[in-house]
Every structure is written in structure tokens, then in C-alpha cells.
Q: 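A single structure is presented below for examination.
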Amino acid sequence: MNAILQKPALVLNRNWTPIQVTSVREAISLVAKGSALIIEPETYETHDLRTWHDVSRAKARLEGERIRSPRLALVPPEVILLKGYQGQGERSVVFSRKNIFKRDRYTCQYCGAQPGPELLTIEHIVPRSKGGVSSWENCVLACVECNKRKADRTPEQAGMKLRTVPRKPSWRTLAHVSPRERRESWEQFLSRAYWEVELEP
Ligand SMILES: [Zn+2]
């Protein structure tokens with residue numbers, strides 16, 4: 001049961017543009033709150049929990065994989081549609097340790113080494129002692145050696161060059177799901193996003 005709830009579900013905004021990957025647990029909770037609807041990927045029909053329960057009964061092909069509550073037996077949703085999502089169409093990505101590691105792909109941004117998470121550290125480009133803040137633009141991953149070498153200096157002072165210009169990532173950078181986890185039903189929504197995505201200048 002827990003494993004089903006941890007499976008990934010794709011979240012679309014009101015314009016049917018994918019904005020995030022979440023867990024089935026979170027997806028159901030959003031639908032239960034009335035914030036989202038479940039999409040049946042084959043028909044594009046949208047459902048609340050009640051009607052999804054009826055659809056789930058008919059989905060014989062997924063027999064055995066149900067989420068059960070006293071009143072409902074649900075096939076785990078694979079795609080949900082947010083109802084009232086406002087804003088620029090992208091949910092903001094939280095500035096967190098985990099997301100910095102994901103953005104920088106577990107790679108030292110100075111030398112390109114991938115020594116594993118325990119040998120990588122979050123490095124302030126402009127050191128905090130020189131007024132550098134903790135932000136997407138001022139923090140990158142560095143390996144232990146580069147971090148030591150750079151010490152309390154700016155990259156220029158240390159004669160070190162960043163491999164990329166650090167920016168706040170979009171959800172697309174972070175929503176990398178292993179091919180094993182990626183659901184077939186997502187492809188139609190993801191490829192639509194691929195073609196419609198605004199390219200950065
Ligand atoms: Zn390095």
C-alpha cells in the first residue's frame with residue numbers, strides 16, 4: 001500500500017502544462033481537498049474521487065493495484081490537473097539543499113568531478129564573509145578539494161572558473177524521474193510541454 005502511495009504522479013496546471021512530479025499520496029490529497037482533478041489519460045476525462053472510484057471499478061486491467069479506504073477503492077492516479085492554479089504557470093522551486101544537489105546534478109561546478117553526495121559541499125561563490133548571500137545565484141556544489149582551494153575568496157581571486165552560471169532552476173530541471181518510474185501515460189503531456197516550452201534567450 002505504501003509503495004503505491006509513493007509512486008510518482010504528474011501535475012498539470014490549468015492550461016494542461018506539466019509543472020511538477022509529485023507522489024500519488026499528495027495527488028490524492030489535492031483531489032480530496034478539491035484543488036485538483038484526476039485525469040484519465042486515455043480519454044482526457046477529469047474526475048473527482050467519487051467518479052474516479054467508479055472509473056477504478058471498471059479498470060479491470062489494473063486489478064490488484066488499488067488504494068482502499070472504507071468508502072473508496074481507487075486506481076492510483078497517474079496525472080492530475082490543478083483547478084485553481086494561478087501565477088505564471090510554474091510552481092516555484094524551493095531553495096533547499098536537496099534541490100541544489102539536483103540542479104547541479106551532483107557535480108562539482110568548478111572541476112566537474114562527481115565524487116558522490118558526501119564529498120560535495122554547498123559553496124558560496126561570493127563568500128559569506130564578503131557579503132555573499134545564500135541564493136540560487138550564489139550557491140553551487142563544489143567538491144571538497146575545490147572548496148578547500150577556493151577557500152574564502154571569490155572565483156576571480158582564486159583563479160577558478162564556474163562551469164555554468166547558477167540560476168534558479170525550473171521544475172523541469174528537477175523533475176527528472178528515472179525511466180523506470182516514468183509512466184507511459186505522461187508522454188503525451190510531457191511532449192506537448194517540450195514543444196511549447198518558451199526558450200530562454
Ligand atoms: Zn571540484
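Just so you know, these numbers come straight off a predicted model, no measurement behind them. In what follows, every heavy atom counts, from backbone to side chain, and hydrogens, waters and symmetry copies are set aside.
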Q: Shared ILVMFWY cluster between Leu10 and Leu81, side chains joined below 4.5 angstrom?
A: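 Same hydrophobic cluster.
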
Q: Specify the closest pair of heavy atoms between Leu82 and Arg14, including all atoms of both residues, with the distance to one decimal.
A: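 Taking every non-hydrogen atom into account, O-CG, 3.4 Å.
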
Q: Taking all non-hydrogen atoms of both residues into account, name the closest pair between Pro155 and Tyr110 and its distance.
A: CG-OH, 4.0 Å

Q: Tell me whether Lys148 contacts the main-chain N or O of Ala151 through its side chain, where contact means a donor paired with an acceptor under 3.5 Å.
A: no

Q: Quick check for you: to the nearest 0.5 Å, what is the distance between Glu78 atom CD and Ile80 atom CD1?
A: 12.5 Å

Q: Flag yes if Leu141 and Phe95 sit in one hydrophobic cluster, no otherwise; membership is Ile, Leu, Val, Met, Phe, Trp, Tyr, and two members link when side-chain heavy atoms are under 4.5 Å apart.
A: yes

Q: Search all heavy atoms of Cys108 against all heavy atoms of Arg163 and return the closest pair with its distance.
A: O-CD, 3.7 Å

Q: Does Trp52 reach the main-chain N or O of Thr46 with its side chain, forming a donor-acceptor pair under 3.5 Å?
A: no

Q: What pair of heavy atoms forms the shortest contact from Ala158 to Arg149, and how long is it?
A: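 It is O-NH2, 4.4 Å.
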
Q: Measuring from atom CG of Asn138 to atom OG of Ser134, what distance do you get when rounded to the nearest 0.5 angstrom?
A: 7.5 Å

Q: Please examine the side chains of Val144 and Pro115, heavy atoms only from C-beta on, and report whether any two atoms are closer than 4.5 Å.
A: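 Sidechains of Val144 and Pro115: no contact.
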
Q: Ignoring hydrogens and angles, state whether a donor on the side chain of Thr107 or Asp104 is under 3.5 Å from an acceptor on the partner side chain.
A: no

Q: Rounded to the nearest 0.5 Å, how far apart are SG of Cys143 and CD of Glu145?
A: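 Separation between the atoms: 4.5 Å.
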
Q: Is it the case that the side chain of Asp48 and the backbone of Thr51 share a donor-acceptor pair, with hydrogens and angles ignored and the cut-off at 3.5 Å?
A: yes

Q: Side-chain contact, heavy-atom cut-off 4.5 Å: Val79 with Ser185?
A: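 Yes, their side chains come closer than 4.5 Å.
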
Q: Where is the tightest heavy-atom contact between Ala27 and Pro77, given as atom of each residue plus distance?
A: CB-CG, 4.4 Å

Q: Step by step, work out the side-chain contact (heavy atoms from CB on, under 4.5 Å) result for Lys150 and His124.
A: CA-CA 10 Å; Lys150 182 171 172 289; His124 286 73; over 6 Å; no

Q: Do Leu120 and Ile122 belong together in a cluster built from hydrophobic side chains that touch within less than 4.5 Å?
A: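 Hydrophobic grouping puts Leu120 with Ile122.
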
Q: Within the side chain of Arg57, is there an N or O that forms a donor-acceptor pair under 3.5 Å with the backbone of Asp54?
A: no

Q: State, yes or no, whether a side-chain contact exists between Trp136 and Pro166 at a heavy-atom distance under 4.5 Å.
A: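 No, every pair of side-chain atoms sits at 4.5 Å or beyond.
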
Q: Atom CD of residue position Glu184 - does it have more than 12 heavy atoms of other residues, nucleotides or ligands inside 6.0 Å?
A: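 Not more than 12 within 6.0 Å, no.
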
Q: What I'd like to find out is whether the side chain of Glu137 reaches to under 4.5 Å of the side chain of Ile125, using heavy atoms alone.
A: no

Q: Would you compute the distance between atom CZ of Arg105 and atom OG1 of Thr164 and round it to the nearest 0.5 angstrom?
A: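 Between atom CZ of Arg105 and atom OG1 of Thr164 there are 10.5 Å.
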
Q: With side chains defined as the heavy atoms from C-beta onward, is the minimum distance between Pro41 and Trp186 less than 4.5 Å?
A: no

Q: Measure the shortest side-chain to side-chain distance between Gln157 and Lys130 over non-hydrogen atoms and say whether it is less than 4.5 angstrom.
A: yes

Q: Quick check: does any side chain N or O of Thr43 sit under 3.5 Å from a backbone N or O of Glu45, one acting as donor and the other as acceptor?
A: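 A pair under 3.5 Å: yes.
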
Q: Within this structure, what is the CZ-CG distance for the pair Arg71 and Leu49, rounded to the nearest 0.5 Å?
A: 9.0 Å

Q: For residues Cys139 and Arg103, report the shortest heavy-atom separation together with the two atoms involved.
A: O-NH2, 2.6 Å

Q: Quick one, Leu74 and Arg66 - any side-chain contact, counting heavy atoms below 4.5 Å?
A: no

Q: Could you tell me if Gln6 and Ser23 have a donor-acceptor pair between their side chains, going purely by distance under 3.5 Å?
A: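 No, Gln6 and Ser23 have no side-chain donor paired with an acceptor closer than 3.5 Å.
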
Q: Check whether any side-chain heavy atom of Leu37 sits under 4.5 Å from a side-chain heavy atom of Val31, and report yes or no.
A: no

Q: In the single-linkage hydrophobic clustering (I, L, V, M, F, W, Y; side-chain heavy atoms under 4.5 Å), do Tyr44 and Leu12 co-cluster?
A: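 Per the 4.5 Å side-chain linkage, Tyr44 and Leu12 are co-clustered.
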
Q: Give a yes or no on whether Ile100 and Val126 share a hydrophobic cluster (residues Ile, Leu, Val, Met, Phe, Trp, Tyr; joining criterion: side-chain heavy atoms under 4.5 Å apart).
A: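 No, separate clusters.
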
Q: Strictly distance-based, threshold 3.5 Å: is any side-chain N or O of His53 a donor or acceptor partner for the main-chain N or O of Leu72?
A: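 Absent.
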
